[in-house]
Amino acid sequence: MSTAANSIAFVSSDTTDAKAALESLSARYGQRSIAEAAVVVALGGDGFLLQTLRDTMGTGKKVYGMNRGTIGFLMNEYRSGGLTERIAAAVAETIRPLEMLAVTSEGETVSALAINEVALWRQSYQTAKIRISVDEQIRLEELSCDGVMIATPAGSTAYNLSAHGPILPLDAPLLALTPVSPFRPRRWRGALLSNKATVRFDILEPEKRPVNAAADHTEVKAVTSVTVRESPAATATLLFDPNHSWNERILAEQFRY
């Protein structure tokens, strides 16, 4: 891909390093509004990059992240020089978010998009009891657990990985269904599903065992059911340096431990 230096919009998180990088890069390359820019350069950590992707989703903007955070798994290495050349040579990856449709105990329906995962977790000291259906077929009649999630390939290295879920290549047509601290069935470790699958979680005993749900940062309290599928329309585009691609990072991560 190619872009001119004056078609970049720089955005940053609130950390000192990120704001300093924003000031330096804006002075060097110029600053355009997000509406005018072809590429948005996000300066911060993975969380800020995901927020930038959510903010620009559906606009056709491409997002190039540079790490001014802590881990920066999704980010490119920060360097101030040669930025327009790096962006021109970058590899584009298209991300499709999940759509969550949650119904609350009061009958309210809440919809939200998630780039990382849709997660459910117990609201009280008692374990949650959840029935799991895939494409309208019950696959697990009752899961007793602290929680459960559906993760995208982009989110597979986040909460999903900390819950011992699988790491997925970004271009894999898969979703990870991963339990959090399963009690019954104790040996169940989740499943890999087609990205075309629709998953429904029904909360059993919702008054006694209340459950919250979240699509990334959008939280819904006291849900009775949650339906999740990959969005057929919404997309976001992430840019990676060719020598530090997402698939290379995924492969390296799986051999790290």
Side-chain angles (χ1 to χ4, degrees), residues 11 13-15 42 44-58 63 69-71 73-74 95-133 140 143-165 175-183 190 193 195 197-231 233-236:
V11 294
S13 67
D14 290 331
T15 67
D46 287 341
F48 181 73
L49 177 65
L50 290 171
Q51 182 61 55
T52 304
L53 287 171
R54 282 190 287 269
D55 292 343
T56 58
M57 192 177 297
V63 178
T70 306
I71 298 175
F73 191 86
L74 296 170
I95 295 174
R96 288 192 178 275
L98 299 173
E99 289 182 347
M100 177 186 77
L101 190 67
V103 179
T104 72
S105 59
E106 296 182 350
E108 181 185 5
T109 299
V110 180
S111 61
L113 295 176
I115 292 174
N116 264 2
E117 76 277 319
V118 172
L120 289 74
W121 66 94
R122 62 187 175 97
Q123 188 178 326
S124 70
Y125 67 92
Q126 291 188 303
T127 59
K129 290 190 175 182
I130 302 171
R131 181 168 60 239
I132 301 175
S133 302
L140 199 53
L143 171 66
S144 295
C145 59
D146 282 352
V148 64
M149 77 189 80
I150 292 283
T152 66
S156 67
T157 57
Y159 186 20
N160 173 74
L161 182 59
S162 69
H164 307 291
L175 301 173
L177 172 59
T178 303
V180 180
S181 302
F183 182 67
L193 304 177
N195 63 344
T198 297
V199 181
R200 179 183 169 106
F201 302 100
D202 286 292
I203 312 308
L204 309 179
E205 304 178 39
E207 293 184 1
K208 181 181 178 182
R209 304 170 186 274
V211 169
N212 293 349
D216 287 350
H217 68 299
T218 303
E219 183 177 351
V220 184
K221 295 186 180 296
V223 297
T224 57
S225 71
V226 175
T227 303
V228 184
R229 66 169 185 165
E230 184 180 79
S231 172
T235 61

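Values below: all heavy atoms of this structure, side chains included; hydrogens, waters and symmetry mates excluded.
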Would you check if [X] and [Y] make a side-chain contact, meaning some heavy-atom pair closer than 4.5 Å?
{"X": "W121", "Y": "V211", "value": "no"}
{"X": "V226", "Y": "M100", "value": "yes"}
{"X": "P97", "Y": "T152", "value": "no"}
{"X": "K208", "Y": "K129", "value": "no"}
{"X": "E205", "Y": "Q126", "value": "no"}
{"X": "S231", "Y": "E99", "value": "yes"}
{"X": "T127", "Y": "R209", "value": "yes"}
{"X": "L175", "Y": "V199", "value": "no"}

Taking [X] for its side chain and [Y] for its backbone only, find out whether a donor-acceptor pair lies under 3.5 Å.
{"X": "D216", "Y": "E117", "result": "yes"}
{"X": "R54", "Y": "M57", "result": "no"}
{"X": "D202", "Y": "R131", "result": "no"}

Can you tell me how far SG of C145 sits from CD1 of I132, rounded to the nearest 0.5 angstrom? 7.0 Å

Distance (rounded to the nearest 0.5 Å) between N212 CG and I203 CD1: 9.5 Å

Heavy atoms only: give me the nearest [X]-[Y] pair and the separation to one decimal.
{"X": "L74", "Y": "A154", "value": "CD2-O, 4.4 Å"}
{"X": "R200", "Y": "S225", "value": "NH2-CB, 3.7 Å"}
{"X": "A158", "Y": "N116", "value": "CB-ND2, 3.7 Å"}
{"X": "A151", "Y": "N160", "value": "CB-CB, 3.7 Å"}
{"X": "T224", "Y": "S105", "value": "CG2-CA, 3.6 Å"}
{"X": "A163", "Y": "M149", "value": "CB-CE, 3.9 Å"}

Check: residues 107-115 side-chain donor-acceptor pairs under 3.5 Å, at least two apart:
none

Starting from the C-alpha separation in whole Å, work towards a yes-or-no answer on side-chain contact (heavy atoms from CB on, under 4.5 Å) for F201 and L143. CA-CA 10 Å; F201 302 100; L143 171 66; over 6 Å; no

Test T157 against D46 for side-chain contact (heavy atoms from CB on, under 4.5 Å), laying out the working first. CA-CA 11 Å; T157 57; D46 287 341; over 6 Å; no

L193/I150 under side-chain contact (heavy atoms from CB on, under 4.5 Å): CA gap, chis, key distance, verdict: CA-CA 9 Å; L193 304 177; I150 292 283; 4.2 Å; yes

Applying the side chain to side chain contact (heavy atoms under 4.5 Å, CB included) test to V148, which of V180, L177, T178 qualifies? L177

Taking salt bridge (Lys or Arg N to Asp or Glu O under 4.0 Å) as the test, write out the residues that go with E230, two or more places apart. none

